[in-house]
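Each remark here refers to the structure printed beneath this line.
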Number of protein chains: 2
Amino acid sequence: MTRDAVRAQIAAVAIDLFAEHGFDQVTVEQIATASGISARSFHRYFPAKEDAVIGDTTVWAELVRDTLDQRPTDESPWESLRAAFGELLARSDGDRDRQRRTMRVLSSTPSLRARNLEKHLMWARMFAPIVEERLDGDHVELRAQALVQSALVCFDLALTTWADSQDDTSPVDYLALAFATVGPR
Amino acid sequence: MTRDAVRAQIAAVAIDLFAEHGFDQVTVEQIATASGISARSFHRYFPAKEDAVIGDTTVWAELVRDTLDQRPTDESPWESLRAAFGELLARSDGDRDRQRRTMRVLSSTPSLRARNLEKHLMWARMFAPIVEERLDGDHVELRAQALVQSALVCFDLALTTWADSQDDTSPVDYLALAFATVGPR
DNA sequence: ACGCATATGTCAGTCTCTGACACTTACGGC
DNA sequence: GCCGTAAGTGTCAGAGACTGACATATGCGT
């Protein structure tokens, strides 16, 4: 079994336990035992307990960054951002049910939500320079950050709304709605 | 000495230590010793080490909530949010230098930023209902959250930009700039 | 079979945070 | 002034996350 496969397997076990008992009520020891490994090995796959839920998102971030970069320059930055995150939602394939369960655990645990937003700040540092180049005038750095971080908030909101909803509205629809509400015209 | 005064005193000691050695390099034990108390007592004043930097912000949150609530209903929600956060910036009096140093520590430590974002989510839950009432149409909950959380992002960005800047531009100016960049017209 | 790199378990230790208990201090009623 | 209560503090023990060090096992190419 490849290293990534083992990681995914442990994450799956962890998320199931979190969903049932709550993030804080489950110890690393329990996850490790349920996965047939030692607690020390768990920490070799995940630097922190939270990472079993959040995981490594650099691949996705790069996808968004590249999509954003390839958007036409005459398009408004806000529309480019919407398209880039829409592309991510469209491309993130896999077990929809598992994704939803993961998002549910994530959105219902304050410390996990915070950690996730923290990861989004890393994304913002990746995306901001691209937006910055497409802005004119003063304080482009601040303005680019404001746009990117607001976009990330909308993205996060679309995902959590989708995860907590019963019906099967697509996350892309929630994304469009959030972007339309906030963004500049 | 009142309880709040003691708390502020310990927080001041802690922030100075964090600013000099970095948040992770300073133990609770060291803060306690430098403050002339035991580590156990430190945790009686602050539930977590991070709270010595972030502190209790419910008073400020209530100020923003009340300001927001008293804004005219025919004003656009985005403008009301801008005014409410502007009011907070105008009213938060005290040692500007200390505030700036606190913000610098906060914005340069990942775990602190995460904790701060967690606090913002609490604020969002407080403000969203007010905005929600002033929206028409579908999905008001999602749209209110999108507006409020984007406003919080702008607020946070204004503060960090101010803290990291050399010149003495007012945070209110950065706030206006960020709001003008993102908000709907 | 051998050598090597990778993966794992065990152990010891640090640090944050909590509960329990004992002790001191401050204060209001008598 | 004396006493009972309440609030604040220190000490101790312990859980839980995480790290470094060391030894062992496992797989793989030669």
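A note on names: the letters A, B, ... follow the listed sequences, proteins ahead of strands, and every chain is numbered from 1.
Contact between the side-chain N/O atoms of B:Ser38 and the OP1/OP2 oxygens of D:dT9 is not found at any separation under 4.0 Å. Taking only side-chain nitrogens and oxygens, B:Tyr45 never comes nearer than 4.0 Å to OP1 or OP2 of D:dG8.
None of B:Ile15, B:Ile37, B:Asp16, B:Ile10 except one satisfies the side chain to side chain contact (heavy atoms under 4.5 Å, CB included) rule with B:Ile31; the exception is B:Ile10. The side chain to side chain donor-acceptor pair (under 3.5 Å) test with B:Ser80 is passed by exactly one of B:Glu75, B:Gln70, B:Arg71: B:Glu75.
B:Thr58 and B:Asp56 are linked by a side-chain donor-acceptor pair at a separation below 3.5 angstrom, with hydrogens and angles left out of the test. A:Asn116 and A:Lys119 form no side-chain donor-acceptor contact under 3.5 Å, judged by distance and modelled atom types alone.
Residue contacts for B:Ala39: at a heavy-atom cut-off of 4.0 Å it reaches no nucleic acid atom on any strand shown.
Here C:dA7 presents its P atom at 10 Å from CZ of A:Arg7, a figure rounded to the nearest Å. One atom, CZ of A:Phe42, and another, P of D:dC18, lie 8 Å apart when rounded to the nearest Å. Rounding to whole angstrom units, CG of residue A:Asp51 and P of D:dA17 are separated by 14 Å. Residue B:Lys49 contributes atom NZ, which lies 9 Å from atom P of C:dC15 at whole-angstrom precision. The distance between atom CG of B:Asp4 and atom C1' of D:dG8, rounded to the nearest whole Å, is 15 Å. The distance from atom CZ of A:Arg40 to atom C1' of C:dG13 is 12 Å, rounded to the nearest whole Å.
Projected onto DNA chain D by closest heavy-atom contact, B:Val6 and A:His43 fall at different nucleotides, the more 5' of which corresponds to B:Val6.
Judged by the 6.0 Å and 45° rule, B:Arg3 forms a cation-pi pair with B:Tyr45.
Of the residues in residues 13-37 of chain B, B:Ile37 come within less than 4.0 Å of DNA chain D through at least one heavy atom, sorted by number.
For B:Ser38, the side-chain hydrogen bond (donor to acceptor under 3.5 Å, both in side chains) test picks out no residue, with sequence neighbours left out.
The base of C:dG9 sits with one of its N or O atoms less than 3.5 Å from a complementary donor or acceptor on the side chain of A:Arg44.
Under the 30°/60° scheme for interplanar angles, the aromatic rings of B:Trp123 and B:Phe127 are found to stand perpendicular.
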